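As the structure is a computational prediction, the values presented were derived from the model and not from experiment.
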Amino acid sequence: MNGRIIVFLEGKKKEGLKKSARALLKAAWLLSQQTGKPVEAVLMGEDPKQYGEEVLRKGLNCIHYVKSAALKDYDVHQYAPAFFSVVKDLNPWVIMGNSTLVGKDLFPRVAAMFSVPMISDCQKITFEGPGLKVVKACFYGKKQAELSFTGNLPYIVTLVPNSAEVEIEGQEAAVAEETKEREIEYIADEKPKGRLVEIIMKETEKQDVLEAEAIVAGGRALKEKADFLLLEELAEKLDAAVGASRAVVDSDLASPEMQIGQSGKTVAPKLYFALGISGAAQHIAGMRGSKVVVAVNKDKQAPVFDYAQYGIVGDVYQIVPEIIKALTDLDG
């Protein structure tokens with residue numbers, strides 16, 4: 001069976017590969033086991049080899065490093081033609097990326113360059129010979145749609161970062177024992193249709209919920225912005241990020257980057273505290289991949305308890321200080 005599985009991997013300059021990139025690799029390996037196709041990665045940047053050591057441990061068939069000073073910061077007018085120029089010659093069967101801010105910007109342009117359709121925000125991807133089938137959420141996560149590719153190659157998909165179905169624990173790669181490396185020096189377009197002028201980063205020391213191993217999330221039970229100081233105190237004890245439900249963000253009690261759910265971020269931490277969150281389907285869709293869920297809610301019938309390994313029926317304002325005290329006593 002001809003063709004290759006190409007994965008576009010994103011990294012952070014100091015932290016290495018994004019957590020979502022690791023989940024993407026696992027999904028690609030599963031597809032490789034089903035089809036026998038090789039898995040190859042594309043990393044781009046001014047110095048993409050800074051992620052190389054971590055990727056090499058993944059047992060890929062080949063890593064393509066695309067480097068240029070023009071790729072130092074993400075600029076779609078440079079990234080799209082650079083990515084296309086490399087991948088078009090690799091005989092791709094499927095090209096996979098994550099539905100991050102970069103993926104949502106880059107992949108539609110690449111699909112247009114190939115003149116093929118794409119399917120975005122998928123939760124699962126499987127081989128159903130001779131084609132490819134994907135599953136994605138619809139109606140705010142209450143239903144799932146199954147879609148199949150038809151037509152010309154390559155198939156192009158983006159996956160929801162940290163989707164539970166993508167995060168395949170313990171999945172081993174059925175790929176080559178030795179990873180080949182290929183360096184490509186990209187010659188930047190001197191007259192792009194647009195250019196990056198400036199990147200303004202919001203200064204924050206808070207963890208990103210997408211990358212966090214533990215999350216403390218607050219819901220409608222919190223009434224004031226100041227109430228999140230209580231969650232931050234608990235998060236500090238657990239080295240966790242602080243998240244929020246949509247209702248809290250809509251009430252301007254928390255910032256949009258904290259929002260978890262169907263219309264927010266999809267997370268998959270090892271530990272998830274759902275504090276005063278009822279468990280609406282939209283929120284559950286964003287945290288379903290959590291390994292251990294601890295729920296605190298006054299309503300013993302709250303749907304969140306159906307997804308929690310540990311549940312406490314009680315007032316957040318009374319329970320959370322007791323949890324903080326217990327953790328403090330353990331530290332002492």
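- Atom CZ of Phe114 is separated from atom NZ of Lys88 by 8.5 Å, given to the nearest 0.5 angstrom.
- Considering NZ of Lys237 and CG of Asp239, their distance stands at 12.5 Å, rounded to 0.5 Å.
- Here the side chains of Glu46 and Leu71 are not in contact, with every heavy-atom distance at 4.5 Å or above.
- At least one side-chain heavy atom of Ile119 sits under 4.5 Å from a side-chain heavy atom of Phe149.
- Checking side-chain atoms of Arg4 against main-chain N and O of Glu40 turns up no donor-acceptor pair under 3.5 Å.
- Between the CZ atom in Phe228 and the CG atom in Leu230 there is a gap of 10.5 Å [rounded to 0.5 Å].
- Both Val87 and Val116 are assigned to one and the same hydrophobic cluster, defined by single-linkage of ILVMFWY side chains at heavy-atom distances under 4.5 Å.
- Hydrophobic clustering (ILVMFWY, side-chain heavy atoms < 4.5 Å, transitive): Leu222 and Val313 are in distinct clusters.
- Hydrophobic clustering (ILVMFWY, side-chain heavy atoms < 4.5 Å, transitive): Leu271 and Val320 are in one cluster.
- Relative ring orientation between Trp93 and Tyr155 is described as perpendicular, the plane-to-plane angle rising above 60° on a 0-90° scale split at 30° and 60°.
- Lys136 contributes a side-chain N or O that, together with a main-chain N or O of Ser120, makes up a donor-acceptor pair within less than 3.5 Å.
- Atoms OG and CD, on Ser245 and Gln259 in that order, are 8.0 Å from each other to the nearest 0.5 Å.
- A single hydrophobic cluster is seen to contain both Val157 and Ile5, as judged by linkage of ILVMFWY side chains at heavy-atom distances under 4.5 Å, directly or through other members.
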**Report entry** Worked check of side-chain hydrogen bond (donor to acceptor under 3.5 Å, both in side chains) between Asp105 and Tyr79
**Finding:** CA-CA 10 Å; Asp105 189 34; Tyr79 265 66; over 6 Å; no
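- Under the 3.5 Å distance criterion, with hydrogens and angles disregarded, no donor-acceptor pair is assigned to the side chains of Ser68 and Gln78.
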**Report entry** Verdict with supporting geometry, Val86 and Met44, side chain to side chain contact (heavy atoms under 4.5 Å, CB included)
**Finding:** CA-CA 11 Å; Val86 172; Met44 303 176 66; over 6 Å; no
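- Leu275 and Ile260 end up in different hydrophobic clusters when Ile, Leu, Val, Met, Phe, Trp and Tyr side chains are linked at under 4.5 Å.
- A donor-acceptor pair under 3.5 Å links the side-chain atoms of Ser99 to the main chain of Asp121, judged by distance alone.
- In terms of modelled atom types and a separation under 3.5 Å, the side chain of Ser251 and the main chain of Ala247 share a donor-acceptor contact.
- Here the straight-line distance linking atom NZ of Lys265 with atom CD of Glu257 works out to 6.5 Å at 0.5 Å rounding.
- The main-chain N or O of Ala214 is never found under 3.5 Å from a side-chain atom of Gln207 such that the two would form a donor-acceptor pair.
- For the residue pair Leu9 and Ala41, the shortest heavy atom distance occurs at CD1-CB, 3.7 Å.
- Between Pro269 and Met287, the closest side-chain pair of non-hydrogen atoms is not below 4.5 Å.
- Panel note: side chain Asn98, backbone Thr100; no donor-acceptor pair is recorded below 3.5 Å.
- Looking at heavy atoms from C-beta onward, His64 lies in side-chain contact with Leu90 at the 4.5 angstrom threshold.
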Report task. Take Lys223 and Asp227, measure what salt bridge (charged side-chain N to carboxylate O under 4.0 Å, His left out) needs, and give me the verdict at the end. Result -> CA-CA 7 Å; Lys223 303 302 181 184; Asp227 295 342; over 6 Å; no
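- Residues Met118 and Thr158 approach most closely at CE-CG2, 3.9 Å, considering heavy atoms.
- In this structure, CD1 in Ile95 is found 10.0 Å from CG in Leu153, a value given to the nearest 0.5 Å.
- Between Tyr310 and Ile312, the closest side-chain pair of non-hydrogen atoms is not below 4.5 Å.
- Looking at Asn297, its side chain does come within 3.5 Å of a backbone N or O of Ile277 through a donor-acceptor pair.
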